[in-house]
Trainee: 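Would you mind keeping the following structure in view while I ask a few things?
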Amino acid sequence: MGEVVWQVLPLPGAELAIIEDWLAPTEADRLLTDLLSSIPWEIHRIRMFGREVASPRLSCWIGDPGASYVYSRTRFEPHPWPGALGALRARVEQACGVRFNSVLANLYRDGSDAMGWHSDDEPELGARPVIASLSLGAERRFVFRPRRRDEPGRRASELRLAHGSLLRMAGDTQQLYQHALPRTTRVTMPRINLTFRHIS
Ligand SMILES: O=C(O)CCC(=O)C(=O)O
């Protein structure tokens, strides 16, 4: 495998970089098809405005034994790594230069599935987590905004995440910013996102 070249993305105080064509289109196509059927997709319950509701997407928490994750007051025990993700994890680790023991897989069935504003700041991720996010399927509009409501000129910045792209979020990104995946009427096909993490 050749040397990976990260493109650094400008977002003040954050550490964000991307490799747009990290997977070749045919490999990304194969992975999307494989994961749609090999991951045991579930509806996760999340807390919103004090109420428990079904998350508007399907998800699966996958990881090494013991890598459990508490999210929205629910503890998720890891599902075992499906075949297609074992080898991929090693490649993502090599590209990012860190070890990952878990991945949150998300399936956005069409453009009406979405994810609201949040930061990946659960204590078990550590204060300055490195999170690698692989996108599969139609381009995904991914938005960031400062967490501080009183940030002067607070506004959202957006990224377009292509099929097969790998985004690396690190440093203070989670402490300073929230991110979201808005709904869109333009997408009718399923899209998958894999966020590789290290839980301690
Ligand atoms: O689909 C995405 O890229 C968002 C994933 C995410 O932020 C999460 O699941 O915590």
Side-chain angles (χ1 to χ4, degrees), residues 9 11 14-20 22-23 28 31-32 35-36 39 41-48 53-63 67-76 78-79 85 88 92 96 100-126 128-147 156-170 172-184 186-187 189-199:
L9 299 167
L11 194 62
E15 217 180 280
L16 276 184
I18 194 166
I19 305 172
E20 302 267 7
W22 190 69
L23 291 179
L31 188 62
L32 176 61
L35 297 180
L36 281 172
I39 289 181
W41 297 105
E42 301 168 339
I43 296 176
H44 286 181
R45 311 278 306 169
I46 54 170
R47 284 194 77 78
M48 272 181 72
V53 296
S55 176
R57 63 181 184 182
L58 301 183
S59 299
C60 185
W61 177 247
I62 294 163
S68 62
Y69 189 37
V70 179
Y71 173 73
S72 238
R73 298 195 203 169
T74 305
R75 175 175 293 276
F76 294 96
H79 286 268
L85 284 192
L88 189 75
V92 176
C96 294
F100 296 110
N101 60 5
S102 48
V103 60
L104 180 64
N106 295 305
L107 169 58
Y108 301 90
R109 292 158 288 188
D110 60 29
S112 59
D113 274 356
M115 180 64 190
W117 288 111
H118 71 285
S119 305
D120 296 335
D121 60 353
E122 291 76 18
E124 57 268 47
L125 293 173
R128 304 176 83 235
V130 177
I131 296 176
S133 170
L134 176 64
S135 293
L136 298 168
E139 185 179 80
R140 299 180 336 111
R141 183 169 161 259
F142 193 57
V143 289
F144 285 88
R145 73 178 181 192
R147 282 177 79 150
S157 316
E158 70 173 49
L159 291 178
R160 302 277 173 166
L161 302 178
H163 186 41
S165 64
L166 186 66
L167 174 71
R168 184 180 185 276
M169 300 187 271
D172 292 332
T173 307
Q174 307 301 327
Q175 283 178 34
L176 296 178
Y177 291 92
Q178 296 179 319
H179 52 264
L181 189 93
R183 292 198 160 77
T184 171
R186 277 183 292 167
V187 176
M189 299 295 285
R191 296 175 294 171
I192 287 180
N193 161 252
L194 303 173
T195 55
F196 291 83
R197 300 150 190 245
H198 192 278
I199 296 287

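Atoms within each ligand, like the ligands themselves, are counted from 1 in listed order. Computed from a predicted structure; not experimentally measured.
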Trainee: Decide whether Y108 and R57 meet the rule of one side-chain donor and one side-chain acceptor closer than 3.5 Å.
Mentor: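 Yes, because at least one side-chain N or O of Y108 sits under 3.5 Å from a partner of the opposite role on R57.
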Trainee: For R141, what residues pass the side-chain contact (heavy atoms from CB on, under 4.5 Å) criterion, not counting sequence neighbours?
Mentor: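 R141: side-chain contact (heavy atoms from CB on, under 4.5 Å) contacts with V143, E158, R160, P182.
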Trainee: If the condition is side-chain contact (heavy atoms from CB on, under 4.5 Å), which residues does V92 pass it with, not counting sequence neighbours?
Mentor: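 side-chain contact (heavy atoms from CB on, under 4.5 Å) list for V92, sorted by chain: W22, L88, C96, F100, A132, L166, F196.
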Trainee: Determine whether L194 and L85 make a side-chain contact, defined as any pair of heavy atoms from C-beta on separated by less than 4.5 Å.
Mentor: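 Of all side-chain heavy-atom pairs linking L85 with L194, at least one is under 4.5 Å.
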Trainee: Going by the rule side-chain contact (heavy atoms from CB on, under 4.5 Å), which residues pair with D172 if we only count those two or more places apart in sequence or in a different chain?
Mentor: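 By the side-chain contact (heavy atoms from CB on, under 4.5 Å) rule, D172 matches R128, Q175, L176.
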Trainee: Could you please provide the protein residues found below 4.0 Å of ligand 1 on a heavy-atom basis, arranged by chain and number?
Mentor: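 For ligand 1, the residues that come within the 4.0 Å heavy-atom cutoff are R57, L104, N106, Y108, H118, D120, R140, F142, H179, N193, R197.
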Trainee: Which label fits H118 and H179: parallel for a plane angle under 30°, tilted from 30 to 60°, or perpendicular past 60°?
Mentor: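 Ring orientation of H118 relative to H179: perpendicular.
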